[in-house]
Amino acid sequence: MIDIKLSIPAANWKANLTFEQAVNWINYMETNVSRIIIDYQEYIKLIAGVPYVYIKPLKDISKRVKIYAQNMSHVLKGAYTGEITIIMLKSIGCDGVILGHSERRNIFNETDELINKKVLLCQEHNMPFILCVGENLEQRRKGIAFEVIKNQIDLALKGFNKFELMVLAYEPVWAIGTGVPMEISDIKEAASFIIDYLRKNYKEVPVLYGGSVEENTAYFATFKTGLSGVLVGSKSLDPIEFERIVTLTFSGVNNLQFDKEHFET
Ligand code: PGA
């Protein structure tokens, strides 16, 4: 028996797609998928991080795709106009949530302490989550990338111990949205550092790479690196492109030699 590993291709739509496009995306992923996705579906955790207002209707039509929120409030309930809480997300069957994305940190000033509150809410309410960490360009140039990552992990995970809920996404800020992913050799180095750090100080959890992921990166970033998948922004918006990324991620994680056959539907 070969040992097949779980692969996690995750889409992060951010503030994109109309509702009609979102429905088409899910329908595409439910029907037009490669043989590999059908045959190994129990080993592929296909996630879509979608806008809040689409969560419930997309949940209603998707079987294969796990529907995640892209954020949630750090408070549980009360007089916080405009906030979306974990209770609300749970009550509509949301499958999980992305936390600490660099756009939340940088544009909306989310601090490590705030992210920690959200992590603890997920723990309390059994909500799966993807925790995003990653250094910016200045920190990388200064040679303190791994220090920054360690720090972000430690602060986010204070008081946390339900590791079965957690996936970690390493997303170097300087590679997000630029169209230029990190070099594969650098991804390998960062992956082995993070995987090792989590194993020694916390628990082994799936680790993803994110930052301008396209088809090649999905395959080579996961091929013999110990990474479990990818978090994909702009290249996740087109379902045809993302479906190929799903197949390639599975192939990479499972160290399969890639060939054309994997693209067959
Ligand atoms: P990108 O976004 O693939 O467009 O770089 C990734 C992310 O922000 O998760």
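Both backbone and side-chain heavy atoms feed into the values below; hydrogens, waters and symmetry mates do not. Read the numbers this way: they start at 1 and go in the same order the structure lists the ligands and their atoms. Just so you know, these numbers come straight off a predicted model, no measurement behind them. All residue numbers refer to positions in the sequence shown, counting from 1.
- Just one of Leu121, Ile98, Ile84 meets the side-chain contact (heavy atoms from CB on, under 4.5 Å) condition when paired with Met72; it is Leu121.
- The aromatic ring centroids of Phe193 and Tyr170 lie 6.0 Å or more from each other.
- For atom 9 (O) of ligand 1, the closest non-hydrogen atom of the protein is Glu171 OE2, 2.7 Å.
- Here's the thing with Ile176: none of its N/O atoms is less than 3.5 angstrom from an N/O atom of ligand 1.
- Note on Glu147 versus Lys150: salt bridge recorded, some NZ/NE/NH1/NH2 to OD/OE distance being below 4.0 Å.
- When heavy-atom distances to ligand 1 are checked against a 4.0 Å cut-off, Asn12 comes that close only through its side chain, counted from C-beta outward.
- When heavy-atom distances to ligand 1 are checked against a 4.0 Å cut-off, Lys235 has no atom that comes that close, whether in backbone or side chain.
- Contact check on Lys235 versus Glu214 returns no salt bridge, with no Lys/Arg side-chain nitrogen under 4.0 Å from an Asp/Glu carboxylate oxygen.
- Using a 4.0 angstrom heavy-atom cutoff, Gly177 counts as in contact with ligand 1.
- With hydrogens and angles left out, the side-chain atoms of Ser73 and Thr85 include no donor and acceptor closer than 3.5 Å.
- The pair Glu138-Lys142 meets the salt-bridge criterion, since a charged nitrogen lies less than 4.0 angstrom from a carboxylate oxygen.
- Taking every non-hydrogen atom of Gly211 and a distance limit under 4.0 Å, the qualifying atoms of ligand 1 come out as 5 (O).
- Near His101, meaning under 4.0 Å from one of its heavy atoms, ligand 1 places the atoms 7 (C), 8 (O), 9 (O).
- Shown in contact with Ser212 at under 4.0 Å from a heavy atom are these atoms of ligand 1, numbered in order with element: 1 (P), 3 (O), 5 (O).
- Considering both main-chain and side-chain atoms, Gly233 comes within under 3.5 Å of ligand 1 through a nitrogen or oxygen pair.
- Near Ser234, meaning under 4.0 Å from one of its heavy atoms, ligand 1 places the atoms 1 (P), 3 (O), 4 (O).
- Side-chain N/O atoms of Asn71 and Lys118 include a donor and acceptor closer than 3.5 Å.
- When Trp13, Tyr54, Phe19 are each tested for a ring pair (Phe, Tyr, Trp, His ring centres under 6.0 Å) with Trp25, only one passes: Trp13.
- Taking distance alone, with nitrogen or oxygen atoms compared against 3.5 Å, Lys14 approaches ligand 1 more closely than that limit.
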